[in-house]
Undergrad: 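Okay, handing you the structure first.
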Amino acid sequence: MPRPLSRPVLTALLLALVATVLGGPATAQADTPPAVFSANQAVVPNGGTVTITETWTNTRSSTVTFLWLGIHPAAPHHTTWTLVSCSNCGRWGDNDATAGGSSSIPPGGTVTIAATYRTGDTGQGVDAFDGYSYSESADGNLSTLVPAAVSVTVAAS
């Protein structure tokens, strides 16, 4: 027959339950999002271009040895987007702008990519671009998807 729990054990379990229900002890904060996204303009006419920039910072305490960054038009969208150029990145698939590979980025180091997209000739409304980053370091791997990282309004011309 199992032995009943002692009073100190029951007290510790009860205190743990109360702490959990009331919010528990302070916990460490999650990693700071490593990427910041921006657009060079908020409104783009049909047939116009917009440049989406992703600036990634190594927020870890160790050097990043592998980094993958990405920007792509989110679905659904009001117009067709075509990747026309990419600075410090390349095309992956149809319209994804990506950069990645073995790296040596020290803590606090940054990498920036900039993708220029052209709108289709028709459509209007607010479209979004998703952002992504994946890094590997001695601190572990960090994968971050940022849905609708940047929004752009497409205005009828």
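For the single chain, residues carry numbers from 1 onward in sequence order.
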Undergrad: Which pairs, with at least one residue in residues 83-115 and sequence neighbours excluded, count as a ring pair (Phe, Tyr, Trp, His ring centres under 6.0 Å)?
TA: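 Sorted result for residues 83-115: W68-W92.
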
Undergrad: For G70 and F37, which heavy atoms make the closest approach, and how far apart are they?
TA: O-CE2, 4.3 Å

Undergrad: Between S137 and S62, do the side chains contain a donor N or O and an acceptor N or O under 3.5 Å apart?
TA: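 Note: S62 and S137 side chains meet the donor-acceptor criterion.
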
Undergrad: Apply side-chain contact (heavy atoms from CB on, under 4.5 Å) to residues V44 and T49 and explain how you reach the verdict.
TA: CA-CA 7 Å; V44 181; T49 61; 5.9 Å; no

Undergrad: How far does CG of N46 sit from OG1 of T79, to the nearest 0.5 angstrom?
TA: 5.5 Å

Undergrad: Does a side chain donor of either Y132 or S143 reach within less than 3.5 Å of an acceptor in the other side chain?
TA: yes

Undergrad: Hey, any chance Y134 and L145 share a hydrophobic cluster, counting ILVMFWY side chains that come within less than 4.5 Å of each other, even indirectly?
TA: yes

Undergrad: Main chain of P45, side chain of T119: is a donor-acceptor contact present, judged purely on distance under 3.5 Å?
TA: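 Such a contact is found between T119 side chain and P45 backbone.
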
Undergrad: Cluster question for you: counting only ILVMFWY and a side-chain heavy-atom cut-off of under 4.5 Å, with indirect links fine, are V111 and V146 together?
TA: yes

Undergrad: Within the side chain of D130, is there an N or O that forms a donor-acceptor pair under 3.5 Å with the backbone of A74?
TA: no

Undergrad: Which heavy atom in V126 sits nearest to a heavy atom in S151, and how many Å separate them?
TA: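 Taking V126 first and S151 second, the nearest heavy atoms are CG1-CB, 3.9 Å.
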
Undergrad: Could you state the interatomic distance from OG (S87) to CD1 (I113), rounded to the nearest 0.5 Å?
TA: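 Spacing of OG (S87) from CD1 (I113) equals 9.0 Å.
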
Undergrad: Heavy atoms only: give me the nearest T57-G108 pair and the separation to one decimal.
TA: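 Nearest heavy atoms, T57 then G108: CG2-O, 4.0 Å.
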
Undergrad: Working to the nearest 0.5 Å, report the span between CG of D96 and CG of L69.
TA: 13.0 Å

Undergrad: Nearest 0.5 Å, please: how far is CG in L142 from CG in N58?
TA: 9.5 Å

Undergrad: Let's go through N141 and F66 carefully: what are the C-alpha distance in whole Å and the side-chain angles of both, what is the deciding distance for side-chain contact (heavy atoms from CB on, under 4.5 Å) to 0.1 Å, and is it a yes or a no?
TA: CA-CA 9 Å; N141 303 340; F66 182 87; over 6 Å; no

Undergrad: Verify whether one side chain among T116 and T51 offers a donor that lies under 3.5 Å from an acceptor in the other.
TA: yes

Undergrad: How far apart are the closest heavy atoms of N88 and T112, and which atoms are they?
TA: ND2-O, 2.9 Å

Undergrad: Test E54 against S133 for side-chain contact (heavy atoms from CB on, under 4.5 Å), laying out the working first.
TA: CA-CA 9 Å; E54 176 179 7; S133 66; 4.0 Å; yes

Undergrad: I need the minimum non-hydrogen distance between A155 and V43, along with the two atoms involved.
TA: CB-CG1, 3.9 Å

Undergrad: From T98 OG1 over to L83 CG, what is the distance, rounded to the nearest 0.5 angstrom?
TA: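 Going from the OG1 atom of T98 to the CG atom of L83 covers 9.5 Å.
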
Undergrad: Can you measure from CG (L67) to OG (S102) and round to the nearest 0.5 angstrom?
TA: 10.5 Å

Undergrad: I'd like to know if the side chain of R60 reaches the main chain of T63, judged simply by a donor and an acceptor atom lying under 3.5 Å from each other, with no hydrogens or angles considered.
TA: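 A pair under 3.5 Å: no.
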
Undergrad: Go through the side-chain N and O atoms of N95 and H72 and say whether any donor and acceptor fall under 3.5 Å apart.
TA: no

Undergrad: Where is the tightest heavy-atom contact between S103 and G101, given as atom of each residue plus distance?
TA: OG-O, 3.1 Å

Undergrad: Under a 3.5 Å distance rule, please check whether D127 uses its side chain to pair with a backbone N or O of V152 as donor and acceptor.
TA: no

Undergrad: Could you check whether the rings of F129 and Y117 sit parallel, tilted or perpendicular, using 30° and 60° as the cut-offs?
TA: tilted

Undergrad: Are I71 and T53 close enough, and set up right, to give a side-chain contact (heavy atoms from CB on, under 4.5 Å), and what steps lead you there?
TA: CA-CA 8 Å; I71 301 170; T53 302; over 6 Å; no

Undergrad: Would you mind reporting whether W56 and I105 have side-chain heavy atoms less than 4.5 Å apart?
TA: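 Yes, close enough: below the 4.5 Å cut-off.
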
